[in-house]
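Only one structure is covered here, and it is reproduced in the block below.
We count ligands from 1, going down the list as the structure has it; atoms in each ligand are counted the same way.
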Amino acid sequence: MNMDVLTSLSKRRGFVFQSSEIYGGTGSCWDYGPLGVELKNNIKRVWWRDFVQARADMVGIDASILMHSTVWKASGHLDHFTDPMVDCRECKHRFRADHVNDLPWTHYCPATKGNRFTIPPGEGCGHCGQRRTLCPECGKGELTAPRQFNLMFKTFMGPVEEEAAVTYLRPETAQAMFVNFDNVLQSMRLKLPFGVAQAGRSFRNEITPGNFIFRTREFEQMEIEYFVNPHDRVEGRPADEYWHDRWIADCMAWFQRYGLRDENLRLREHDKDELAHYAKRTVDIEYKFPIGWSELMGIANRTDFDLKQHAKWSGKSLTYFDEERKEHVVPYVVEPAAGVDRALLAFMADAYREEEVRGEKRVVLRFHPELAPLKVAVLPLLKKRDDIVRVAQTIRADLARRWRVVYDDTAAIGRLYRRQDEIGTPYCVTVDVQTVGDAERGEAGDQKVTIRERDSMEQIRVPVAELEAVFREFLDGAAWEAIARRYPPARS
Ligand code: ATP
């Protein structure tokens with residue numbers, strides 16, 4: 001699976017467009033189109049439902065993107081949220097120093113009269129054996145020594161552009177959970193352990209954005225700060241360690257539940273020298289993206305660092321009163337941090353299949369029905385028959401009160417099915433002559449329609465009056481076979 005296939009499908013079918021494309025695009029920002037916004041909203045909705053709504057130990061917030069500038073001093077972002085950057089002295093191209101060796105590189109080979117080659121990342125030249133030392137982009141310039149570049153977007157709060165008004169677009173959503181710790185604790189009367197979740201925009205002035213929506217400068221995160229009492233033990237282990245493992249397992253299971261295949265997922269433990277000084281342990285969930293194994297989300301045990309830092313810089317107490325031990329404690333925090341855009345890319349990449357059906361190629365996005373942008377497409381078999389069209393449009397309007405449902409009559413049925421397969425619509429409903437009968441000939445219709453399932457392409461005949469109940473079962477997770485056996489198969 002290659003990223004260009006996904007990028008072009010995304011554009012052609014309205015998932016993702018390049019931002020400001022008519023002006024040449026920005027290269028580092030993307031816009032979600034009509035289907036992309038549905039998919040993205042579905043990802044956020046099921047995440048919120050499963051991790052916030054369904055759990056008694058979780059609450060949510062929605063904080064502002066602009067925060068007090070001291071937040072970023074206390075959090076360490078002002079001083080340490082940097083990536084090492086190198087520049088080419090010739091073409092002025094900039095690179096993340098730790099990513100240079102992951103790029104294909106341009107080489108003018110002395111063994112072949114200076115012919116230009118593009119060599120895969122990390123490999124040497126097959127002719128002269130040389131390895132990359134110069135700029136991977138132009139192949140001519142020397143790279144500067146690395147220097148630290150802060151990734152935060154700087155801006156000014158208010159009309160005066162002076163030093164005192166400087167603030168930053170948040171580079172992560174997490175800090176709002178720490179600075180609101182006491183507000184949430186007091187207003188909701190919570191007991192440890194509990195978590196606070198937030199989904200929202202973050203901004204990072206990445207040195208080398210790219211790989212479609214994998215790394216952008218504006219993106220969305222779904223983050224949880226799960227606070228635990230460090231003096232508690234669960235199942236004979238320190239509570240923070242126990243909960244860290246629980247969150248790793250729960251997050252992994254979540255991605256599997258919504259369709260990512262086991263063979264495309266793995267855990268990566270951070271080495272000791274990779275860990276932030278305050279982190280006790282960090283584990284990434286990695287996905288086998290079209291660019292190779294890369295981080296999908298991270299789950300860190302951040303200890304009491306964040307609350308202590310904000311207590312120090314704000315002068316406010318950020319503790320929890322442990323009734324049992326009659327003492328104030330600073331909770332430890334476990335942070336499962338996921339990217340919405342990266343999750344969307346993974347769900348799309350994993351759902352994408354090219355299949356052969358009766359000698360023809362079919363492209364299908366096998367999305368989990370809960371994630372699919374459209375749940376049902378209602379298709380009239382004959383668009384010239386007013387009665388068929390009328391019934392189809394009524395069915396669409398009825399079902400659309402509950403789900404995202406479309407009506408389409410712009411092509412022949414075979415092509416309409418293929419179009420829905422390509423965007424991952426799990427069910428199609430077809431209205432035909434049998435449904436409505438023929439009034440002129442005095443033939444009554446059977447008031448039944450055909451439901452076609454995307455993956456098996458099987459079809460059943462269902463009374464119109466039962467459609468809503470049937471889709472409620474399907475979209476609540478019922479298997480096709482379980483429902484299909486109640487109805488007669490339809491001819492395909
Ligand atoms: P990376 O090493 O890829 O830069 P990170 O370790 O800095 O990521 P975190 O700070 O742990 O990322 O952020 C949590 C999640 O937010 C990541 O796992 C990823 O899914 C998402 N994310 C981070 N940066 C970006 C970005 N520039 N574009 C899209 N998603 C991002």
Side-chain angles (χ1 to χ4, degrees), residues 3 16 19 26-32 36 40 43-44 47 72 75-77 80-85 95-100 102 148-153 168-178 197-226 244 247-248 251-252 254-255 260 265-271 274-276 278-279 281-302 305-306 333-349:
M3 195 76 99
V16 185
S19 169
T26 62
S28 59
C29 301
W30 297 84
D31 295 345
Y32 289 87
K40 196 176 182 202
I43 293 170
K44 288 187 283 183
W47 179 84
W72 308 112
S75 69
H77 282 84
H80 304 295
F81 194 58
T82 54
D83 275 337
M85 180 170 75
F95 305 91
R96 227 173 104 168
D98 53 336
H99 284 179
V100 180
D102 303 335
Q148 293 301 324
F149 172 77
N150 196 299
L151 299 184
M152 284 200 294
F153 277 95
Y168 303 87
L169 301 185
R170 68 179 178 200
E172 59 173 36
T173 64
Q175 295 305 319
M177 276 79 102
F178 300 128
Q198 171 166 223
R201 300 254 168 185
S202 295
F203 302 80
R204 295 183 189 178
N205 202 1
E206 298 277 1
I207 299 167
T208 40
N211 292 318
F212 192 30
I213 52 174
F214 179 84
R215 187 179 303 285
T216 53
R217 293 196 169 118
E218 176 178 349
F219 54 98
E220 273 192 87
Q221 292 184 304
M222 304 184 285
E223 294 195 290
I224 293 168
E225 303 305 323
Y226 195 78
H244 194 193
W247 276 106
I248 295 166
C251 292
M252 192 68 155
W254 190 82
F255 283 111
L260 300 192
L265 285 166
R266 71 179 187 194
L267 295 177
R268 189 181 74 82
E269 191 88 33
H270 281 216
D271 293 335
E274 209 184 335
L275 285 177
Y278 49 81
R281 181 184 170 217
T282 297
V283 173
D284 287 345
I285 295 182
E286 292 193 332
Y287 180 74
K288 201 174 178 188
F289 285 97
I291 48 168
W293 287 103
S294 309
E295 176 180 333
L296 173 58
M297 73 173 294
I299 304 141
N301 180 347
R302 300 177 59 91
F305 173 78
D306 306 276
V333 70
V334 172
E335 178 187 82
V340 181
D341 313 77
R342 274 190 206 178
L344 188 145
L345 181 60
F347 283 125
M348 257 188 120

(Q) Can you list everything that forms a side chain to side chain donor-acceptor pair (under 3.5 Å) with E220? Sequence neighbours excluded, please. (A)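 Side chain to side chain donor-acceptor pair (under 3.5 Å) check on E220 returns K40, K44.
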Q.
Which residues pass the side chain to side chain donor-acceptor pair (under 3.5 Å) test with D341, not counting sequence neighbours?
A.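 If we apply the side chain to side chain donor-acceptor pair (under 3.5 Å) test to D341, skipping adjacent residues, the hits are Y32.
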Output block, N or O contacts of ligand 1, threshold 3.5 Å exclusive:
unit_1: ligand 1; atom_1: 3 (O); unit_2: R215; atom_2: NH1; d: 3.4
unit_1: ligand 1; atom_1: 3 (O); unit_2: R215; atom_2: NH2; d: 3.0
unit_1: ligand 1; atom_1: 3 (O); unit_2: R342; atom_2: NH1; d: 3.1
unit_1: ligand 1; atom_1: 3 (O); unit_2: R342; atom_2: NH2; d: 3.0
unit_1: ligand 1; atom_1: 4 (O); unit_2: R215; atom_2: NH1; d: 2.7
unit_1: ligand 1; atom_1: 6 (O); unit_2: E295; atom_2: OE1; d: 3.1
unit_1: ligand 1; atom_1: 6 (O); unit_2: E295; atom_2: OE2; d: 3.4
unit_1: ligand 1; atom_1: 7 (O); unit_2: R204; atom_2: NH1; d: 3.1
unit_1: ligand 1; atom_1: 10 (O); unit_2: R204; atom_2: NH1; d: 3.2
unit_1: ligand 1; atom_1: 10 (O); unit_2: R204; atom_2: NH2; d: 2.9
unit_1: ligand 1; atom_1: 11 (O); unit_2: E295; atom_2: OE2; d: 3.4
unit_1: ligand 1; atom_1: 13 (O); unit_2: Q221; atom_2: NE2; d: 3.3
unit_1: ligand 1; atom_1: 16 (O); unit_2: Q221; atom_2: NE2; d: 3.2
unit_1: ligand 1; atom_1: 18 (O); unit_2: E295; atom_2: OE2; d: 2.6
unit_1: ligand 1; atom_1: 18 (O); unit_2: L296; atom_2: O; d: 3.3
unit_1: ligand 1; atom_1: 20 (O); unit_2: L296; atom_2: O; d: 2.9
unit_1: ligand 1; atom_1: 20 (O); unit_2: G339; atom_2: N; d: 3.0
unit_1: ligand 1; atom_1: 24 (N); unit_2: R204; atom_2: NH1; d: 3.4
unit_1: ligand 1; atom_1: 27 (N); unit_2: E206; atom_2: OE2; d: 2.8
unit_1: ligand 1; atom_1: 27 (N); unit_2: T216; atom_2: O; d: 2.8
unit_1: ligand 1; atom_1: 28 (N); unit_2: F214; atom_2: O; d: 3.4
unit_1: ligand 1; atom_1: 28 (N); unit_2: T216; atom_2: N; d: 3.0

Q | Beyond-backbone contact of D284 with H270, side-chain heavy atoms, under 4.5 angstrom | A |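 When only atoms from C-beta onward are counted, H270 and D284 do touch, with a gap below 4.5 Å.
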Q) Strictly by modelled atom types, are T173 and E223 linked by a side-chain donor-acceptor pair under 3.5 Å? A)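 Yes, side-chain donor-acceptor contact under 3.5 Å.
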Q | Residues forming a ring pair (Phe, Tyr, Trp, His ring centres under 6.0 Å) with F203, sequence neighbours excluded | A |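 Not a single residue meets the ring pair (Phe, Tyr, Trp, His ring centres under 6.0 Å) criterion with F203.
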Q) Considering all heavy atoms of both residues, which atom of F214 and which atom of S294 are nearest to each other, and what is their separation? A)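 That closest heavy-atom pairing would be CZ-CB, 3.5 Å.
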